[in-house]
Amino acid sequence: DTGVSQDPRHKITKRGQNVTFRCDPISEHNRLYWYRQTLGQGPEFLTYFQNEAQLEKSRLLSDRFSAERPKGSFSTLEIQRTEQGDSAMYLCASSSQGARNTEAFFGQGTRLTVV
Amino acid sequence: TQLLEQSPQFLSIQEGENLTVYCNSSSVFSSLQWYRQEPGEGPVLLVTVVTGGEVKKLKRLTFQFGDARKDSSLHITAAQPGDTGLYLCAGGPISGYSTLTFGKGTMLLVSP
């Protein structure tokens, strides 16, 4: 396994269009996270899955955002009716269900530009 | 909400210098991770510290977790241009779900 994989790496879309991103986690990891990062900021938590269950969603995740992990493996993040403020790096991470630590391994991200 | 403050926000030094960056919070964390991120890439995990007072070394990098598990520091000895990047700390919660809270990062530029 080569790590967390995200597709596409870059996406340019017109305002109002829908976009979907895919994340393939490390195969033995049952936890999957989506984060958003804008310039000069650290990653901000969006949502978290354990297996196929979406256990937590941030208030940052408006109703235009939806994430799925139907079979507990890969995940998709869809943004409907994109706005310029959605332009950011969308990061996916995965981790195994461990004891105390929650270290996560990140993909290379999807850079979204809304024009 | 757990908040992690990182300082300094930006650091520009010459090759061979030593430096320390800090990660502070008023909250207690079950663990703390340090990541390095290069432009256009995802963060890469450097280390995880779990026990209060723990010190971990990774070549020229030394990581310390505060006794109270509220703060951490990263010290780099004899910095090299390859150390350039955004250094992020992230804390795991004591209770609740397993999401990480990130600081805004310290941008390090090491010039030859």
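Chain letters run A, B, ... following the sequence lines, proteins first, then strands; residues in each count from 1. For clarity, every value in this text was computed on a predicted model and none was experimentally measured.
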Visitor: Could you tell me which of A:G42, A:G40, A:S58, A:P43 has the largest number of non-hydrogen atom pairs under 4.5 Å with chain B?
Guide: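 Among the listed options, the one with the most contacts to chain B is A:P43.
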Visitor: What pairs meet the disulfide (SG to SG under 2.5 Å) rule with one or both residues in residues 12-75 of chain A, with sequence neighbours excluded?
Guide: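 Checked against disulfide (SG to SG under 2.5 Å) - neighbours excluded - the pairs reaching residues 12-75 of chain A are A:C23-A:C92.
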Visitor: Go through the atoms of B:L86 and report whether side chain, backbone, both or neither lie under 4.5 Å from a heavy atom of chain A.
Guide: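 Contact with chain A involves the side chain of B:L86 alone.
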Visitor: Need one label for A:Q6: side chain, backbone, both or neither, based on atoms under 4.5 Å from any heavy atom in chain B.
Guide: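 Contact with chain B involves no heavy atom of A:Q6 at all.
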Visitor: Is B:Y35 reaching over with its side chain to a backbone N or O of A:F105, donor-acceptor style, under 3.5 angstrom?
Guide: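 Such a contact is absent between B:Y35 side chain and A:F105 backbone.
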Visitor: Using a cut-off of 6.0 Å, state whether more than 12 heavy atoms not belonging to A:R64 lie near its atom CZ.
Guide: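 Yes.
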Visitor: Can you tell which part of B:Q37 gets under 4.5 Å to a heavy atom of chain A, answering side chain, backbone, both or neither?
Guide: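 For B:Q37, the side chain is the part near chain A, not the backbone.
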Visitor: Should we say atom CD of B:Q9 is surrounded by more than 12 heavy atoms from elsewhere, each under 6.0 Å from it?
Guide: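 Not buried by this count: 12 neighbours or fewer within 6.0 Å.
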Visitor: Any chain of hydrophobic side-chain contacts (each under 4.5 Å) joining B:I76 to B:I13?
Guide: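 The answer is yes; both residues are in one hydrophobic cluster.
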Visitor: For B:E17, I'd like to know if atom CD has over 12 heavy atoms of other residues, nucleotides or ligands within 6.0 Å.
Guide: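 Yes, the 6.0 Å shell around CD holds more than 12 heavy atoms from other groups.
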Visitor: Are more than 12 heavy atoms, taken from residues, nucleotides or ligands other than A:I12, located less than 6.0 Å from that residue's CD1 atom?
Guide: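 Not more than 12 within 6.0 Å, no.
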Visitor: Tell me if a side-chain donor or acceptor on A:R111 pairs with a main-chain N or O of B:E41 at a distance below 3.5 Å.
Guide: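 Looks like no, no N/O pair under 3.5 Å.
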Visitor: Honestly curious: do A:F65 and A:F21 fall in one hydrophobic cluster under the side-chain, below-4.5 Å linking rule?
Guide: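 Yes, same cluster.
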Visitor: Does a salt bridge link B:K104 with A:E44, judged by any charged N lying under 4.0 Å from a carboxylate O?
Guide: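 No, this pair does not count.
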Visitor: Once you round to the nearest 0.5 Å, how far does OH of A:Y35 lie from CG of B:L100?
Guide: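 Answer rounded to 0.5 Å: 4.5 Å.
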Visitor: Does the gap between the ring centers of A:F45 and B:F102 come in under 6.0 Å?
Guide: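 No - the distance between ring centres of A:F45 and B:F102 does not fall below the 6.0 Å cut-off.
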